[in-house]
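Keep in mind it's a predicted model, so treat the numbers as computed, not measured.
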Amino acid sequence: GSVFWDDEDLFNVNSYGGAVPSGAFGRDTKINYCCRSDGYYYNAIELPTADPFYLLRYDSHCQRVKGMHVREEIVRFDDEDIGNRNYAYGSYPLGADREDRLLLYCYYWR
């Protein structure tokens with residue numbers, strides 16, 4: 001799936017750098033996502049645990065990960081207020097379809 005942010009037009013100072021996800025980054029932002037829903041969040045999955053990491057929430061709870069603690073973190077975006085062209089389609093993270101985008105991250109640490 002994909003999520004398109006119609007970013008603020010007035011005083012837009014968008015920039016990006018480093019490793020970025022698949023998408024388009026300019027005056028507006030589009031990010032492509034790959035989501036899974038083939039199991040239950042309460043069935044812990046195995047992932048590398050040497051370093052802390054984030055996963056985006058796709059469902060109502062953070063996925064459990066063997067050997068890791070988890071806490072939720074929220075990022076809100078202020079989008080264009082006039083003539084907003086936001087859209088989301090396919091599979092995308094929970095909250096990404098709101099007018100002012102809301103992404104729910106799950107932070108994992110040992």
Side-chain angles (χ1 to χ4, degrees):
S2 292
V3 176
F4 177 83
W5 282 261
D6 184 3
D7 297 332
E8 289 285 357
D9 291 337
L10 191 60
F11 305 116
N12 183 320
V13 292
N14 284 0
S15 65
Y16 65 93
V20 296
S22 170
F25 305 90
R27 287 195 55 78
D28 297 314
T29 305
K30 178 182 176 187
I31 298 180
N32 302 318
Y33 293 96
C34 178
C35 300
R36 292 182 63 167
S37 61
D38 55 351
Y40 298 103
Y41 76 91
Y42 52 80
N43 292 333
I45 61 174
E46 290 188 42
L47 292 173
T49 59
D51 296 308
F53 60 89
Y54 286 93
L55 294 176
L56 283 160
R57 268 185 46 199
Y58 178 65
D59 206 341
S60 59
H61 296 87
C62 289
Q63 172 66 50
R64 292 185 182 172
V65 176
K66 288 182 183 178
M68 301 296 277
H69 300 284
V70 63
R71 75 168 178 251
E72 182 180 289
E73 296 188 6
I74 299 171
V75 177
R76 288 186 174 89
F77 300 86
D78 181 26
D79 302 333
E80 178 58 38
D81 298 320
I82 301 170
N84 186 293
R85 300 174 297 121
N86 282 353
Y87 67 83
Y89 69 90
S91 297
Y92 50 83
L94 186 67
D97 56 350
R98 297 167 39 117
E99 183 172 324
D100 280 336
R101 302 294 191 209
L102 174 76
L103 291 180
L104 306 171
Y105 287 87
C106 300
Y107 176 71
Y108 296 85
W109 78 99
R110 290 176 58 139

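- Ring planes of Y54 and Y107: tilted class, angle from 30 to 60°.
- Here Y92 and Y33 keep their ring centres 6.0 angstrom or further from each other.
- Formation of a donor-acceptor pair under 3.5 Å by the R101 side chain with backbone atoms of F4 is found in this model.
- When atom types are taken as modelled, the side chain of E80 and the backbone of D9 share a donor-acceptor pair closer than 3.5 angstrom.
- One finds the CZ atom of F77 at 9.0 Å from the CG atom of L102 (value rounded to the nearest 0.5 Å).
- Cluster annotation: W109 and L56 are assigned to the same hydrophobic cluster (Ile/Leu/Val/Met/Phe/Trp/Tyr, side-chain heavy-atom contacts under 4.5 Å, transitive).
- In the displayed structure, R36 atom CZ is contacted under 6.0 Å by at most 12 heavy atoms of other residues, nucleotides or ligands.
- Taking all atoms of both residues into account, the shortest heavy-atom contact from A88 to A96 is CB-O, 4.4 Å.
- Judged by distance alone, the side chain of D100 and the main-chain N or O of D78 form no donor-acceptor pair under 3.5 Å.
- One distance of note links SG of C106 with CD of E73; it measures 9.5 Å at 0.5 Å rounding.
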For residues 59-70, dump all side-chain donor-acceptor pairs below 3.5 Å to protein atoms at least two apart in sequence or in another chain.
from: Q63; atom 1: NE2; to: Y41; atom 2: O; distance (Å): 3.3
from: Q63; atom 1: NE2; to: N43; atom 2: O; distance (Å): 2.8
from: K66; atom 1: NZ; to: E46; atom 2: OE2; distance (Å): 3.3

For L55 and L47, run side chain to side chain contact (heavy atoms under 4.5 Å, CB included): C-alpha distance rounded to whole Å, both residues' side-chain angles, the deciding distance at 0.1 Å, then the answer. CA-CA 11 Å; L55 294 176; L47 292 173; 4.2 Å; yes
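- A side chain to side chain donor-acceptor pair (under 3.5 Å) with N86 holds for exactly one of D28, D6, D79; it is D79.
- Summarising the geometry, atom CZ belonging to R85 is positioned 9.5 Å from atom CG belonging to D7; distances are rounded to the nearest 0.5 Å.
- Ring geometry for F25 against Y16 counts as tilted: the plane angle lies between 30° and 60°, on a 0 to 90° scale.
- By the 6.0 Å contact criterion, CZ on R76 is open, its count of non-hydrogen atoms from other residues, nucleotides or ligands being 12 or less.
- The shortest non-hydrogen separation linking G26 to N14 is O-ND2, 2.9 Å.
- Closest heavy-atom contact between I31 and P21: CG2-CG, 4.0 Å.
- When all heavy atoms of E8 and D81 are compared, the closest pair comes out as OE2-OD2, 3.5 Å.
- By the 6.0 Å contact criterion, CD1 on I82 is open, its count of non-hydrogen atoms from other residues, nucleotides or ligands being 12 or less.
- V75 and F53 are not part of a single hydrophobic cluster, where members link through side-chain heavy atoms under 4.5 Å apart.
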